[in-house]
Amino acid sequence: IVGLSSLGAGAYVSRKVVPGKKLQSISPLRCPSRSLTSSGVPGKAGSNLLLYLIVGGAATGAGVYVRAFTKGVCAYMCSKLSHLSPAAPGTHPKVPSHVPFLLIGGGTAAFAAARSIRARDPGARVLIVSEDPALPYMRPPLSKELWFSDDPNVTETLRFKQWNGKERSIYFQPPSFYVPVEDLSSVENGGVAVLPGKKVVHMDVRGNTVKLSDGTQISYDKCLIATGGSPRNLPAIERAGKDVQKRLTLFRKIEDFRRLEKISREVKSITIIGGGFLGSELACALGRRARTRGLEVIQLFPENGNMGKVLPEYLSNWTTEKVRREGVNVLPNAVVKSVSVSGNRLVIKLKDGRKVETDHIVAAVGLEPNVELAKSAGLEVDSDFGGFRVNAELQARSNIWVAGDAACFYDIKLGRRRVEHHDHAVVSGRLAGENMTGAAKPYWHQSMFWSDLGPNVGYEAIGLVDSSLPTVGVFAKATAKDTPKSATEQSGTGIRSESETEAEASEVQLSESSSPTPHVPTQGEDYGKGVIFYLRDKVVVGIVLWNIFNRMPIARKIIKDGEEHEDLNEVAKLFNIHED
Ligand SMILES: Cc1cc2nc3c(=O)[nH]c(=O)nc-3n(C[C@H](O)[C@H](O)[C@H](O)COP(=O)(O)OP(=O)(O)OC[C@H]3O[C@@H](n4cnc5c(N)ncnc54)[C@H](O)[C@@H]3O)c2cc1C
C-alpha cells in the first residue's frame, strides 16, 4: 500500500532525487526575470514560523481505500467505543496493562511514528491512545479539497478529489489496517491498535505509566507524545459570553468541518478572523460558495495583507487581491475590539471604529500546543516557542519522545524551533519512531509546507519563512505548466509533501549557472513564478517556491549548505525558473 510505505519509510515515489543524477542544468533565459528585495520588518526574525498550507493533494500516504470505508470506520468506532465504555476506574479489561510502544495522540505524527516503528521492528506492538474519536486522519483537506467536492455526502464520506482528479480519503488507513485493542498483546507479529476517544491525563515518567481520563492505567517501555495543539481563541471573543460562543467555530477537526459546512448552508454571512494559511484557505473555500449561494464571506486580520507574516509585502498584497477575486470581502488592518449580539446578528467592533455585522465567526488565530502532560510528567515546556522541549533526537527523557506540533526541537541547522506543518508531523513522527527503536538519528530534515490558492496558484516553502526577515525574490513569466494542478498531474500522485532521505538529499548537486543575470523587476507586476529567499546574517534560511514545483530538494540543499551567496539571482537559476 503506497500510503503506508510513504509515511513509514519515506518511499515517496514522486519528486524523488535519482541517486547520482545531477539535478539540473541551467537552461538559457527565455524571458526576462525579475528580482525583488525586501528588508523585512525589524523585530522578531526567524523564529517560530508556522507555515502551513494548502490544497493540492493533502499530503501523506496515498492510501488505497475502498468505497465502504466510511461505513467501516463508523462500525469500527462504535464497536470499539461500546467495548470500552463505560469504563470502570482502574484498569480496563480490554486495554492491555502494558504495551512496548505507547503513542499519545492519534494524529499525523503518531501515525507516522507507528509506521516507522513497525518498519524497523516488524513484530512491534504499538498502541495509539487518542482523544479524537476518529482513526488517524490528515487535516489539510479539511480546509481545502473537501470544500470543493461535488459529492453531497462529502461530510460523511470525507473523500476528496486532488487537483489531478484522483479521489482519496482523509483517513491514513482503513479500519482493517488496525489490530483490535484487546488483541494487541496476543496477535502474532504485533500491529498497531488505536484506542479512540480516550485522553491521557497523567504521566508517571518514573513508573513508565500513564493514566487515561477513565482511570485506566497503561505502562510502557517507550512512549511518544504527539498531542498536537488546540486552536487559540481571541480574548475579545472569550469575554463576549455564550451567545457569541455559540456562533463561533475554532477549526481543527472533522467535526468542525462538518459543523461549518452545515452552517455555511444556513446563514447569510460568515466572518473569518485571521489572515494566515488556515484563515485564507477557509476564506477561499467559502468564497466559492459565496458566488454560488449568495453567502457573504468576510475575512479580517491585523496585517496589511493575506499571509502577511510569511510573504514579503508585495506578494502578500498580490495574494490579498487573489483572495478577493475568489469572492471574499477582505479587511486588512482590522483589530477586533469586541464582539456582541445585536438582534439576531453578531456585531464585531474593530479598534479603528469600524463595525462588521455577520452571522457566524470562524477564528483562525493560531494554535496552542497541547502540553498539559508536562506538569505530571515533569517535562520542560519551551518558554519562547511553547511545546515540549526535546533534543535533536526528539527526546524529552530517556524513553520519552515528542513529535509534530507539540515538539519544540533543536534543528541542527536553524536552531530551536516548533513547526506546525503536515510534513513536519510526518517526518518528525517518523524520526521519533525510528529513534524509539534505537536509530539515534538527529532531526536533519527541513520540512516543507505548501499552499495553493485554487488550482492555478500555489507555492511550496521550506525553512524560516518569516516576512520580518530580509528577502530577495527572483521572478519569471509562468507558463501553463506552472500550476499546482499541472504539477500534481505530472507527478500522478497529488502528494505535495515529500521527504527524501538524508542520503538522497546529500546527492543533490547544485550545478553552476551559465545564464545571464536576470534584471531587477518592477514591483506590482504579476508574479508568474519565482523564488523568494529569506536571509539571516546573509545566509539563506528559508525559501518560498512560487508556482515552482518539484524543486524542493534543491531548496533543501541550499539551506543545508548554509553558505553566504554573493548573488542570489545566480542561486535562483538553480531552480530553472526560465524553463518552459
Ligand atoms: C484545517 C487544517 C488544515 C491544515 N492544512 C495544512 C497544510 O495544508 N499543510 C501543512 O503543512 N499543515 C497543515 N495543517 C497543519 C497540520 O495538519 C498539523 O501540523 C498536523 O496535523 C500536526 O500533527 P500532530 O500529529 O502533531 O497533531 P494533530 O494532528 O493535532 O494530532 C494530535 C492528536 O492528539 C490527540 N490528543 C491531544 N492531547 C491528547 C491526550 N492528552 N491524550 C490523548 N490524545 C490526545 C488529539 O485528539 C489529536 O488526535 C493544517 C491543520 C489544520 C487544522
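Order of appearance sets the numbers: ligands from 1, and atoms from 1 within every ligand.
When Arg252, Met203, Lys253 are ranked by how near their heavy atoms come to atom 53 (C) of ligand 1, first place goes to Arg252. Of the candidates Val402, Val194, Val200, Ile128, it is Val200 that places a heavy atom closest to atom 40 (C) of ligand 1. Of the listed options His202, Glu420, Glu460, Arg139, Glu420 places a heavy atom closest to atom 15 (C) of ligand 1.
Atoms of ligand 1 found under 4.0 Å from any heavy atom of Ala226, numbered from 1 in the order shown, are 32 (C), 33 (C), 34 (O). The Leu278 neighbourhood of ligand 1 comprises atoms 1 (C), 2 (C), with distances under 4.0 Å to a heavy atom of that residue. The distance from ligand 1 to the heavy atoms of Gly107 drops below 4.0 Å at these ligand atoms: 25 (O), 29 (O), 31 (O), 33 (C), 49 (O). Those atoms of ligand 1 that come under 4.0 Å of a heavy atom in Lys199, given as number and element, are 40 (C), 41 (N), 42 (N), 43 (C). Each of the atoms 26 (O), 27 (O), 30 (O), 32 (C) of ligand 1 lies under 4.0 Å from some heavy atom of Gly228. Taking a cut-off of under 4.0 Å to the non-hydrogen atoms of Asn370, the atoms of ligand 1 that pass are 37 (C). Residue contact check: Phe251 has heavy atoms under 4.0 Å from atoms 1 (C) of ligand 1. Numbered from 1 in the order shown, with element, the atoms of ligand 1 that lie under 4.0 Å from a heavy atom of Gly404 read 26 (O).
For the pair Val544 and Tyr534, the minimum side-chain heavy-atom distance is below 4.5 Å. In this structure, Tyr410 and Asn391 have side chains that are not in contact, with every pair of non-hydrogen atoms separated by 4.5 Å or more. You'll find the side chain of Val328 stays beyond 4.5 Å of the side chain of Ile272, heavy atoms only. In this structure the side chain of Met203 reaches within 4.5 angstrom of the side chain of Ile104, judged on heavy atoms.
Contact annotation: Met448 has no heavy atom less than 4.0 Å from any atom of ligand 1. Taking a 4.0 Å cut-off on heavy atoms, Lys198 registers as neighbouring ligand 1.
The shortest N or O to N or O distance between Ser143 and ligand 1 is not under 3.5 Å. Considering backbone and side-chain N/O of Asp405, one or more are found under 3.5 Å from N/O of ligand 1. Below 3.5 Å of separation, one finds no N or O of Leu373 facing any N or O of ligand 1.
A donor-acceptor contact shorter than 3.5 Å is absent between the side chain of Asp423 and the backbone of Ser447. Under the 3.5 Å distance criterion, the side-chain polar atoms of Ser213 are matched with a main-chain donor or acceptor of Lys199.
Between Asp214 and Lys94 there is no salt bridge, since no side-chain nitrogen of the basic residue lies less than 4.0 Å from a carboxylate oxygen of the acidic one. At a threshold of 4.0 Å, the pair Arg258-Glu255 counts as salt-bridged, since one of the basic side-chain nitrogens sits closer than that to a carboxylate oxygen.
With a heavy-atom cut-off of 4.0 Å, Ala425 touches ligand 1 through its side chain alone. Counting heavy atoms under 4.0 Å from ligand 1, residue Ile104 touches it through the side chain alone.
Here Ala407 pairs with Val390, Val402 under the side chain to side chain contact (heavy atoms under 4.5 Å, CB included) rule; sequence neighbours left out.
Asn370 and Ser230 form a side-chain donor-acceptor contact under 3.5 Å, judged by distance and modelled atom types alone. Neither side chain, Gln217 nor Asp204, offers a donor N or O lying under 3.5 Å from an acceptor on the other.
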